[in-house]
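In what follows, every chain begins at residue 1, and chains take the letters A, B, ... in the order their sequences are listed.
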Amino acid sequence: MVRGPRPMPQGQNKTPAIPYASALNPAQYQAVTHPGGPLLVIAGAGTGKTRTLVYRVAYLVEQGVDPRSILLLTFTRKAAQEMMERASQILDARCAMVAGGTFHSFANLILRRYGSHVGYPASFTIADRSDAEDILNLIRTDLGFHKDKARFPKKRALMNIISRAANCQMSVGQVLAQEYPQYEALEPEIEEIARTYARYKEERAIMDYDDLLTKCRDLLRDHPPVRQRLSWTYAHVLIDEFQDTNAVQAEIGAFLASEHGNIMAVGDDCQSIYSFRGADFRNIMDFPKRFPGSTVITLEENYRSTQPILSFTNAIIENAREKYSKRLFTKAEGGAKPIYTRPPSELAQALYVLQRIQTHLQEGVPPHQIAVLFRAGWHSNDLEVLLGKHGIAFVKYGGMKFIEAAHIKDVLAFLKATVNPADTISWHRILQLLEGVGPVTAKRLAENVKEKGLESLVSKSLGKRKYGQSLRILHDTMTQLTTGGEPVSQKIEAVLTAYQPLLEAKYDDAPKRIPDLRSLQLLAERYENLETLLADLTLESPEQALARENGPRHRKDHVVLSTIHSAKGLEWHTVFIIHLVDGHLPSSYSLHDEDAIEEERRLFYVAATRAKCHLYLVAPKVQGQASFYSLATGGPSRFLFEIGRLGKLVRRDDPEAA
DNA sequence: TAAACTTGGTTTTTT
DNA sequence: ACCAAGTTTA
């Protein structure tokens, strides 16, 4: 059963519908029309990386490859969606049938189907980061380590350690030695927590983000028939942002390509910014070793930025410790130098940005072509308030999310528990909403439900407790939800009815939260199946899903605020980089580690290369004494100092005069 | 045993 | 500013 590339009726016309040679430069053309076999495209910022992938998809489809057998793995689902849309525009609707998404969403799909091979039922639930941390916290308390004399890591640190071990393929001991020397003495205890955590999830059909990747890898590695079948299903594997994939993701890609070798990876070593998730920019260099016979193509012509911006970004990356193989150029001439400014305070910074945004809007720059970028979610707090006061609409990417709000998590816990009654961490959350039920009771009841089923909630001994009545109501709701076959929207309705009184009892600001529940309900109406809804909400930020839902028209009236990480792959006419101060960018956590500083520099590079026409570099003077929360030294970022010709590359702007 | 309150320690980026 | 742990009260 050979199911490799095969001709489709529509694809047999001999003259291509798309003039590839004139639409692409020679390097892009070579990548797009590559005959097959492993291909690595090193694509500098703004060199048409997305364009190349889009045309590659169209080319393959036009050649007669079944679109469903093309797998396009990207960093966000939005990116995959947009590429498929663009490919559909240049060729035809067949391109929308390409299988695309993130590694996590792909792994989710595969594991729903083949999970039994690695010990999971199709109805497993996914624990997002905070669920996973809650599980670790339960285990930590259970094992009693917090009572020890030495300070024991908190749930957040535990999660970081365990996740790093999974992503970097290391043992807990190795992670501790490398990254957390202060906890090295606690290795046996932390190991025990990690083991208990793994067992906890397996027994309850729960996966965390890392499990999706590692279990998918295990499935492909340990089950050759499944691997062969999937490899033939996906006859062409395309991976975007390859510099930010980690070892597990790279293995998944390799297994998928194992039968045919048609793997195309696109990335830029200078833009690797996810080492905290186990990505190593050196991986991209290993591609030709891993796939013998690889073709390597480098894209160096930049189509995004003006020459002054490009000169500046080239100067940033020139100071990287490892020298890179490419130098970007543009044929375009003219353009303004980046503007560097030093507002006297953080508030003055927000005011400056506000005024500049207003000016550009008056000049006719569309709001969605203006972006403000920063290192950490809270860096935009001042600006958000100010923009709100002046009636400038904005969307924010990164930072606190819709799905992380407590009331949304509550509702999702109800839904997860109906899909997977063994999901004790969701039950734990639900039960504590009831008056008179705290952590101890919740834990006991949750374990009872897992062992003995829903009926254990209405046993005689519990009926006498003061929360007996609430338990009966909960039991009835959940029984109805697990047995009834009604559509998703009705199930949500039932959950909201049960949850509303609990919400009102728990939160003083309940009226403010109710609209969010309606949004959730609206979002859910499109789904036929609860598992899919839950997986989508956990694997893609609803902000992005909603933005897509409301269409481009909605997005166009909003200025964009974004963390630099979330700005990956995007571009804007005008870009502000704020908090360009030592301690913020580079972040103070990175200052003691050379590799970490290198990554912060790449982060700055990614931010600056997002700009097409205008780039603002804003380094506020930090006022007041540094508290625990603001560790900035107040000096402008070292990355500015190290650029020797800074004075020639940027124009200074005196905010006092503005 | 839950809930309300005090105190002391921590700190980012994302699927 | 937030979270965990300890203390007090009901």
**Residues A:Glu571 and A:Arg610 bridged, charged N to O under 4.0 Å** = no
**Request:** Round to the nearest Å and state the distance from A:Gln432 atom CD to B:dT1 atom P.
**Result:** 14 Å
**Message:** I need the CZ-C1' distance between A:Phe152 and C:dA5, as an integer number of Å.
**Reply:** 15 Å
**Asked** Of the candidate nucleotides B:dT15, B:dT14, B:dT11, which contains the atom at the shortest distance from the side chain of A:His565?
**Response** B:dT14
**Message:** Does atom CD (A:Glu435) have a neighbourhood of more than 12 heavy atoms from anything else shown, all under 6.0 Å?
**Reply:** no
**Message:** Nearest whole Å is fine: how far is B:dT13 P from A:Asn167 CG?
**Reply:** 17 Å
**Message:** Need to verify one output field. Residue with the more 5' nearest nucleotide on DNA chain B, A:Glu599 or A:Val440?
**Reply:** A:Val440
**Item:** Distance below 4.0 Å between A:Thr538 side-chain N/O and B:dT15 OP1 or OP2
**Value:** no
**Prompt:** Which one, B:dT15, C:dA5, B:dT1, comes nearest to the side chain of A:His104?
**Reply:** B:dT15
**Message:** So, does A:Lys155 get its side chain near the phosphate of C:dA4, meaning an N or O under 4.0 Å from OP1 or OP2?
**Reply:** yes
**Complete:** Regarding the side chain of A:Glu435, the nearest nucleotide among B:dT14, B:dA3, B:dT12 is B:dA3
**Prompt:** Any salt bridge between A:Lys568 and A:Asp244, counting N to O under 4.0 Å?
**Reply:** yes
**Message:** Heavy atoms only, 4.0 Å cut-off, all strands: where does A:Phe103 land among base, sugar-phosphate and nothing?
**Reply:** nothing
**Request:** Starting at atom CG of A:Asn160, determine the distance to atom P of B:dT15, rounded to an integer number of angstrom.
**Result:** 16 Å
**Message:** With a sphere of 6.0 Å drawn around NZ of A:Lys443, does it hold more than 12 non-hydrogen atoms of other residues, nucleotides or ligands?
**Reply:** no
**Asked** For A:Phe276 and B:dT13, do the ring centres fall under 5.5 Å apart while the planes stay under 30° apart?
**Response** yes
**Request:** Give the rounded distance in Å between these two atoms: CD of A:Glu133 and C1' of B:dT15.
**Result:** 14 Å
**Prompt:** A:Ser587 side chain: which of B:dT12, C:dA4, B:dT15 is closest?
**Reply:** B:dT12
**Item:** Donor-acceptor pair, side chain of A:Glu598 and main chain of A:Arg321, under 3.5 angstrom
**Value:** yes
**Asked** How many Å lie between CG on A:Asp210 and C1' on B:dT14, as a whole number?
**Response** 11 Å
**Asked** Atom NZ of A:Lys506 and atom P of B:dA2: how far apart are they, to the nearest Å?
**Response** 15 Å
**Fill in**
Of the listed B:dA2, B:dT13, C:dA5, the closest approach to the A:Ala376 side chain comes from B:dT13
**Request:** Using a strict 4.0 Å threshold on nitrogen-to-oxygen distance, state whether A:Glu202 and A:Lys215 make a salt bridge.
**Result:** yes
**Message:** Counting only side-chain heavy atoms from C-beta out, which of B:dT12, B:dT15, C:dA4 sits nearest to A:Thr76?
**Reply:** B:dT15
**Prompt:** Is DNA chain B part of any stem, that is, at least 3 consecutive Watson-Crick or G-U pairs with both distances under 3.5 Å, and where?
**Reply:** B:1-10 with C:1-10
**Item:** NZ or CZ of A:Arg601 within 45° of A:Tyr605 ring axis and under 6.0 Å
**Value:** no
**Asked** With a 4.0 Å cut-off on heavy atoms, is A:Ser590 in touch with a base, just the backbone sugar-phosphate, or nothing at all?
**Response** nothing
**Prompt:** Taking CZ from A:Arg140 and P from C:dA4, how many angstroms apart are they, rounded to a whole number?
**Reply:** 8 Å
**Request:** Look at A:Asp410 together with A:Arg429 and state whether they make a salt bridge at an N to O cut-off of under 4.0 Å.
**Result:** yes
**Prompt:** Which one, B:dT15, B:dA2, B:dT12, comes nearest to the side chain of A:Arg375?
**Reply:** B:dT12
**Complete:** Side-chain atoms of A:Arg156 come closest, of B:dT14, C:dA5, B:dT12, to B:dT12
